[in-house]
Amino acid sequence: MREITFTEAAREALTEQMALDPSIFVVGEGIGERGGNFNTTLGLYEKYGPMRLRDTPIVERGFVGMCAGAAMTGARPVVDFMIVDFILDSMGELLNQISKIQYMSSGRIKMPMVLRGCIGIGGAAATHHSGSYYPLFVHIPGFRVALPSNPYDAKGLLTTALTGDNPVLFLEHKLLLNRRGSVPEEAYKLPYGQAAVLREGSAATVVALAVMVPKVLQICDELAKDGLDIEVIDPRTLAPLDTTTILESVRKTGRLLIADETFGPCGIGAEISAQVMEQGFDDLDAPIARLNGAHTPTPYSPTLENAVIPDQAAITKAIRDLVAE
Amino acid sequence: MREITFTEAAREALTEQMALDPSIFVVGEGIGERGGNFNTTLGLYEKYGPMRLRDTPIVERGFVGMCAGAAMTGARPVVDFMIVDFILDSMGELLNQISKIQYMSSGRIKMPMVLRGCIGIGGAAATHHSGSYYPLFVHIPGFRVALPSNPYDAKGLLTTALTGDNPVLFLEHKLLLNRRGSVPEEAYKLPYGQAAVLREGSAATVVALAVMVPKVLQICDELAKDGLDIEVIDPRTLAPLDTTTILESVRKTGRLLIADETFGPCGIGAEISAQVMEQGFDDLDAPIARLNGAHTPTPYSPTLENAVIPDQAAITKAIRDLVAE
Amino acid sequence: MANEDIALNSEQLLALYHMMVLIRRTEEQLARAHQMGLVPGPCHTYVGEEAIAAGVCANLREDDVVFSTHRGHGHALAKGVSPRAVAAELFGKATGCSQGRGGSMHLFAPEIGLMGTSGIVGPSILQGAGAGYSFKLLASDQVSVAFFGDGAVSNGAFHEGLNMAAIWDLPVIFVCEDNMYATEVAFRDATRVQDVAQRARVSYDMAAVRVDGNDVLAVHRAAEEAVARARAGGGPSLIDCKTYRARPHAEGMRDGGYRSAEEMQAWKERDPIAAHAAWLIEAGHAEAADLDAIEAQVNSTVDDAIEFARASPFPDPSTAADFIFGAGG
Amino acid sequence: MANEDIALNSEQLLALYHMMVLIRRTEEQLARAHQMGLVPGPCHTYVGEEAIAAGVCANLREDDVVFSTHRGHGHALAKGVSPRAVAAELFGKATGCSQGRGGSMHLFAPEIGLMGTSGIVGPSILQGAGAGYSFKLLASDQVSVAFFGDGAVSNGAFHEGLNMAAIWDLPVIFVCEDNMYATEVAFRDATRVQDVAQRARVSYDMAAVRVDGNDVLAVHRAAEEAVARARAGGGPSLIDCKTYRARPHAEGMRDGGYRSAEEMQAWKERDPIAAHAAWLIEAGHAEAADLDAIEAQVNSTVDDAIEFARASPFPDPSTAADFIFGAGG
Ligand SMILES: Cc1ncc(C[n+]2csc(CCOP(=O)(O)OP(=O)(O)O)c2C)c(N)n1
Ligand SMILES: Cc1ncc(C[n+]2csc(CCOP(=O)(O)OP(=O)(O)O)c2C)c(N)n1
Ligand SMILES: [Mg+2]
Ligand SMILES: [Mg+2]
């Protein structure tokens, strides 16, 4: 199968669905003629023009609220935040309106909306362009949250998002955008709430999120040379979260580490840990461990930036410590 | 000692500190002559006038961002949201500015600001007036989060907030506002990150938050008649969170339940569970349990509203199940 | 009372009267029910402002959409939601228009274009613009109406929403209900410029008109023009309606202190229903008996609605977490 | 070039020139450093817009405060931050004005009133208003300046911030740097009304003036009036500066496509530094040699700054999580 990048795969999903569904439109700053700061919409403006590729003023709250009204009345908006930190000005529309309208209307109004943007630390982007925020949307009911780690998942999860009825956060780690992988040319959907076991092993289970997936996989290949077989799971979506697959793995390995670049407190690792505690306590041979980025705003300077993310040494140590427990 | 209500105790803290510190001012809708929707500022306007009791237009983002600038330049703003759901429009200012400016300025700019408002489900307030949101502010670095459950803590924690350098979320559960308790007349500060053991026991530990504290205490009095001695801990602040006291208790009881009215996923219970897992695994005789409100927007009708919060029966069952494990 | 160029026939003129009386009586009964503890949550009535909802919504088709506020009973009724469905919703009953999930501030009847009232100030403006975007995108001739109070005018949603509707020429009618107060904060303290229509014109280059919001014919005429413009692809409009709420901000709240008895009295004398009644008679469209008949009919409709609400069942607690998600991912 | 009523002496006029050249040369060197990989993160230069920062900040005291944007190097320098501290910050060094924590978009020097540049569009307006609130509350005669681009004008922060400053009469100067584009989105596509000064006057009843942002004397005069008004308790002002950025939105980004070569050329001919130089000579305030001397002095200052930045150490990784909290609860 041909290999394409994460960005190309996601754009392919968008392109295919825009051709099929004339109610899809994209809003964002520079997503029109410019094709998106990250090329998310490259080439689409020429095909579909300004009503479907809508460059906006810098009004994140405004266009998110606007898209809510559009989604409620038959359209299917895709909000392209470029960098997801800009989402924060629209939290009122997201948490008080978009996540609640299907519920409040007893299912009579749908809220088909994709909210996409780049997350993650890297490139000395500093604190206003390095956030991730997904735990916030897992905490609040009413959102689907997709966190693909490779081109195949990116295309499949975005296609599902573009064809369902729900508001979906589709989060793209900026260090994954240029990674390549095999992706079918035809359209396909991936279900939400179905984790991928990317590597089988018996010594321990590592649940890795987003950019941590390739990092962890690479380290586990190294560890395998020392005879340590680590099972690696990518949840792919955080809401819903596939706890079943994680529990099954822990039943086998007895050990669990959750590796996540963003903040620990009330994060995904905490939630997975608590769920495995509740449902898999007797399977545990060691305490569940979490590895997270430092609990601090993201600094600019490369020496500081590197210090706040879990690097190769930290991940390796966390896995070795877990196995040694 | 005289008994006063939660609201009176918090207002006393504000009144005392406003008299001592002329840089304190309050902003909010109806906090001027009206004295606040919940009487948070009753009588203060007459003393201090409009510059210090500033009625605002309905511009939550605006006045929070405005207060950030004021805090950075020598004033000490108190933002009174009335109902904390209205905070969401200001999340950009909070998460991208207020929580980060001390850090980004390497401590050269202070951010002394209190953000207060009512949380919680009750009174058929429905989904736009029933939120709690504290896990969001625990997840993001840079906030202090106070969640007092009684008048004494309310006064002490608010006094600390009004005299420190940091942005503090001070969250008042609406069903606690009229509860009475003994409160010293003089000013006093309570430290952040110091939990209160409200009831000693050996059968299990229950960490209860906000409105769950009186509910749990009452139930434990009942259970004591059956010979079940439950230890009850109120963390009082969620950031910082006093894990030490919880770990000590679990060392004694071997069992832990976290009872929290708001949502479970990536919530406080998850964080406490994960931390106790990491640091107190060997002390556990049973899996840590969480009791939360249903993961749904809050409905209006009393029959539905009651169905989404953990009621007396659910709490009792959760404790009994934990002990029986 | 504006009476030049009335293009409406007597039937239509009486329908406006009927709607205003229907809103008034429903609100009065809901207020009473609230006092009796039958409405478990908050209740913001529309008494005194009926001419706006009635005048605007008379110009709408069933498939046009309305986005409303915390003070939305009047908009719901004028858009065609039955008094039964509104009353039952406020009583928290399964037969309410939101099946008991919503209450006063969350009324939904999307089948007939009531896309929701809201407990949060501001979003109606943005969502209204968004529905306009849908209609333009899908080449429909539906129009969208966003109601909001003076309290929303200083909010960023006003600025962002009006601007988007203007630059993209969306079929939206923004209706500002300026009743001079946001809870107890006076509009004159919230902004130095209370001429909302002028602001719409100068800052967003939007067609905008200021009308007496207690004159149902003036509102109707402004809305008729705005709806026609939107439907014809002529873009958005703003109607700045000056009005006054006759009851406290919400039931059970005080009403003195922040506004004077004289002010309240002066506005009472400008009651929109009484004014329209007088005009109908004077202009020969009706006799007193016709109006009495309408009144009687409305009274029985509203009595029935309240009785229906009272007799309806509460929702089944086991449904409390239903409908959070729709189909698909 | 405005030359009537110049109240400035030659020294002051040359100081404005000096500052503009200092900003220009620093930016050019930073752009070069960025190309060489010495600036690890984003870099938005102020080339072409120097007259605004120079003209405004020349009217400020050290204890007045400035809140700035992602394009803030010029504001920092004009407020008195040393080229060394700015360059070292962009290089990510411990000697930078934010000790390497911030980079281009997060410059802090609160000791001399630079309260921060920001990677988010909008907050400078609100924080600027808030500093004004402080000064009024504490009865200080300090003033506050909020810089922002045309891209912020349609944002809710503009609406809410200007309105608050107006109704509470705060000592704030809002400086809009309208360079016609927000990244690649043209201001004419972002709003139908690009006369920001008129909007400030009509919608918020705020003193406001539109000036040629490439005319340092025009900017200076407008700022002088605004600062005097604010300091005297006369409330806020807005200065709407029409200007143009001479380089791409950020270093490394393309510059074609969204703006024409003719447009760029036309603005190049209106370069604020060249224009001021010509005027200084024509009006007899300087000779070419004086300007050359300034140029030479600036060049050596900037060379020194870049060398300082290059030679400075990176911050200690163990400090990465310091300073999140201050004292107390
Ligand atoms: C964002 C937000 N902030 C605060 C509130 C609380 N609140 C409810 S109604 C209201 C006043 C609204 O005034 P206005 O818009 O003029 O409408 P009116 O009540 O006068 O009809 C306020 C402040 C809210 N609902 N939403
Ligand atoms: C809230 C927010 N949305 C989007 C961005 C991304 N962004 C950075 S600069 C910029 C354009 C700003 O334009 P303008 O305000 O005119 O300033 P200029 O760059 O022209 O000086 C955008 C969209 C941002 N920083 N903040
Ligand atoms: Mg009002
Ligand atoms: Mg610009």
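Heavy-atom basis, side chains included; hydrogens, waters and symmetry copies ignored.
Using a 4.5 Å cut-off between heavy atoms, C/A190 touches chain D through its backbone atoms (N, CA, C, O) alone.
Note that the CZ atom of C/F67 and the CZ atom of C/F147 stand 12.0 Å from one another [nearest 0.5 Å]. To the nearest 0.5 angstrom, D/F108 atom CZ is 8.0 Å from D/L114 atom CG. Rounded to the nearest 0.5 angstrom, D/M105 CE and D/C43 SG are separated by 10.0 Å.
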Worked check of side chain to side chain contact (heavy atoms under 4.5 Å, CB included) between D/F135 and D/L170: CA-CA 8 Å; D/F135 300 151; D/L170 305 179; over 6 Å; no
Hey, mind stepping through C/V143 and C/L60 against side chain to side chain contact (heavy atoms under 4.5 Å, CB included) and telling me if it holds? CA-CA 8 Å; C/V143 306; C/L60 301 180; 3.9 Å; yes
Let's go through C/F174 and C/L162 carefully: what are the C-alpha distance in whole Å and the side-chain angles of both, what is the deciding distance for side chain to side chain contact (heavy atoms under 4.5 Å, CB included) to 0.1 Å, and is it a yes or a no? CA-CA 8 Å; C/F174 296 101; C/L162 265 69; 3.9 Å; yes
Would you list the atom pairs in which one atom of chain D and one of chain C form a donor-acceptor pair under 3.5 Å?
from   : atom 1 : to     : atom 2 : distance (Å)
D/V153 : O      : C/H159 : NE2    : 2.7
D/S154 : OG     : C/N163 : ND2    : 3.4
D/G156 : N      : C/E160 : OE2    : 2.5
D/H159 : NE2    : C/V153 : O      : 2.7
D/E160 : OE2    : C/G156 : N      : 2.5
D/N163 : OD1    : C/T191 : OG1    : 3.1
D/N163 : ND2    : C/S154 : OG     : 3.4
D/N163 : ND2    : C/A190 : O      : 2.8
D/A166 : O      : C/R192 : NE     : 3.1
D/A166 : O      : C/R192 : NH2    : 3.1
D/D169 : OD1    : C/R192 : NH2    : 2.9
D/A190 : O      : C/N163 : ND2    : 2.8
D/T191 : OG1    : C/N163 : OD1    : 3.1
D/R192 : NE     : C/A166 : O      : 3.2
D/R192 : NH1    : C/D205 : O      : 3.1
D/R192 : NH2    : C/A166 : O      : 3.1
D/R192 : NH2    : C/D169 : OD1    : 2.9
D/R199 : NE     : C/S203 : O      : 3.4
D/R199 : NH2    : C/S203 : O      : 3.4
D/S203 : O      : C/R199 : NE     : 3.4
D/S203 : O      : C/R199 : NH2    : 3.4
D/S203 : OG     : C/S203 : OG     : 3.0
D/D205 : O      : C/R192 : NH1    : 3.1

